[in-house]
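Keep in mind it's a predicted model, so treat the numbers as computed, not measured. The first residue of the sequence shown is numbered 1, and numbering continues consecutively from there.
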Amino acid sequence: FSFGATAQKISTIEGNGKKLTVADMSFMDRITWGGYEQIGKAAQSETDGAANTKAIVAAVGKNSGYEGKVYAAKICDTLTAGGFTDWYLPCKDETDLIHLNYEKLKLDEKMTIWSSTEANGTQAVTKYFYSGAFYNVQKVDLCHLVCVRKPD
């Protein structure tokens with residue numbers, strides 16, 4: 001399993017006393033959050049996207065239960081961009097910061113992005129930029145993604 005993705009644009013954003021570096025992956029087709037695995041507590045943090053991402057990749061692995069399809073957490077987990085390899089899928093709280101800065105990031109206001117926060121066995125939390133609302137979406141549905149890391 002190898003997936004070479006390169007970020008379109010890397011930007012550092014700030015807000016709510018937090019700072020994040022964002023790798024814009026919106027040039028890619030929309031993809032799934034993961035397979036059908038229920039991950040549970042390990043991927044339900046609203047504040048620790050890095051831990052969620054590790055738990056998702058550990059549970060979903062090669063995604064053999066879903067035709068081995070590439071998925072959002074795996075893309076971020078394996079991304080090398082801007083000389084860094086510590087990218088992850090943002091948690092629910094981090095998608096708020098991305099939403100605050102979506103115009104600066106030049107992301108489409110009609111975009112819905114995955115968070116790494118699992119809502120339940122079959123759904124994960126997404127952020128819809130137009131309204132700023134969170135939605136629980138089926139993990140096998142298709143949404144956009146961005147990858148993030150904490151700036152040094």
Side-chain angles (χ1 to χ4, degrees), residues 3-35 38-60 69-152:
F3 180 81
T6 315
Q8 207 169 355
K9 194 177 77 210
I10 297 171
S11 317
T12 299
I13 56 172
E14 287 184 73
N16 304 337
K18 294 185 184 108
K19 232 175 154 168
L20 268 185
T21 302
V22 179
D24 179 359
M25 306 301 286
S26 62
F27 62 92
M28 295 177 57
D29 282 341
R30 296 175 311 146
I31 64 168
T32 65
W33 185 85
Q38 175 162 358
I39 299 162
K41 266 209 169 331
Q44 291 175 349
S45 172
E46 296 188 357
T47 56
D48 191 344
N52 287 344
T53 300
K54 281 185 186 13
I56 296 163
V57 172
V60 178
K69 288 191 168 132
V70 68
Y71 53 98
K74 185 73 168 186
I75 286 176
C76 293
D77 187 59
T78 56
L79 180 66
T80 299
F84 297 101
T85 56
D86 57 346
W87 298 95
Y88 59 90
L89 194 62
C91 63
K92 183 178 178 183
D93 283 3
E94 289 166 328
T95 65
D96 266 339
L97 182 54
I98 295 161
H99 174 251
L100 274 179
N101 288 275
Y102 81 87
E103 288 174 348
K104 178 188 176 203
L105 293 166
K106 295 184 174 46
L107 295 171
D108 185 342
E109 72 175 10
K110 294 182 192 77
M111 194 185 286
T112 298
I113 61 166
W114 287 116
S115 82
S116 60
T117 305
E118 182 183 65
N120 56 51
T122 58
Q123 296 178 316
V125 178
T126 63
K127 182 70 159 181
Y128 177 46
F129 289 153
Y130 185 74
S131 64
F134 289 108
Y135 292 101
N136 293 347
V137 173
Q138 295 295 320
K139 293 176 183 177
V140 294
D141 283 358
L142 303 176
C143 292
H144 284 101
L145 78 143
V146 299
C147 300
V148 299
R149 63 180 296 277
K150 298 229 181 331
D152 300 323

K.L.:
I need the single residue from T112, I98, D96 that forms a side chain to side chain contact (heavy atoms under 4.5 Å, CB included) with K127. Which is it?
P.N.:
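By the side chain to side chain contact (heavy atoms under 4.5 Å, CB included) criterion, K127 pairs with just one of T112, I98, D96: D96.
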K.L.:
Examine distances only and state if a side-chain atom of W114 and a backbone atom of I31 form a donor-acceptor pair shorter than 3.5 Å.
P.N.:
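It does hold such a pair.
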K.L.:
Under a 3.5 Å cutoff, is there a donor and acceptor pairing between the side chains of T12 and T21?
P.N.:
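Result is yes, a qualifying pair exists.
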K.L.:
Any side-chain heavy atom of H144 within less than 4.5 Å of one from D108?
P.N.:
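The answer is no; the side chains never approach within 4.5 Å.
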K.L.:
Does the K139 side chain pair with the main chain of G121, one donor and one acceptor, at a distance under 3.5 Å?
P.N.:
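Between the backbone of G121 and the side chain of K139 there is a qualifying donor-acceptor contact (under 3.5 Å).
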K.L.:
Using a strict cut-off of less than 4.0 Å between a Lys/Arg side-chain nitrogen and an Asp/Glu carboxylate oxygen, indicate whether E14 and K104 qualify as a salt bridge.
P.N.:
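Result for this pair is no, no salt bridge flagged.
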K.L.:
Ring-plane angle category for W87 and F84, please: parallel below 30°, perpendicular beyond 60°, tilted otherwise.
P.N.:
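It falls in the perpendicular class, over 60°.
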K.L.:
V148 versus Y88: any side-chain heavy-atom pair under 4.5 Å?
P.N.:
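Yes, at least one pair of side-chain atoms sits under 4.5 Å.
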K.L.:
Could you tell me if the side chain of D24 sits less than 4.5 Å from the side chain of S11, heavy atoms only?
P.N.:
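No - every pair of side-chain heavy atoms lies 4.5 Å or more apart.
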K.L.:
Report yes or no: does E46 contribute a side-chain atom to a donor-acceptor pair with the main-chain N or O of K92 at less than 3.5 Å?
P.N.:
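No; judged by distance alone, with no hydrogens or angles, the pair does not exist.
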K.L.:
Donor-acceptor check, side chain of T126 to backbone of V137, threshold 3.5 angstrom: yes or no?
P.N.:
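Pair absent, no side-chain N/O of T126 close to backbone of V137.
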K.L.:
Is any side-chain heavy atom of L145 closer than 4.5 Å to one of C143?
P.N.:
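No; the side chains remain at least 4.5 Å from each other.
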K.L.:
Between E94 and K18, is the closest basic N to carboxylate O distance under 4.0 Å?
P.N.:
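The answer is no: the pair does not qualify as a salt bridge.
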K.L.:
So, the side chain of H99 versus the backbone of F129: is there a donor-acceptor pair under 3.5 Å, distance only?
P.N.:
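It does hold such a pair.
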K.L.:
So, does N52 use its side chain to make a donor-acceptor pair with the main chain of S45 at under 3.5 Å?
P.N.:
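Present.
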K.L.:
Please confirm whether the backbone N or O of L89 pairs with a side-chain atom of T53, one donor and one acceptor, at under 3.5 Å?
P.N.:
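Yes, T53 side chain to L89 backbone: donor-acceptor pair under 3.5 Å.
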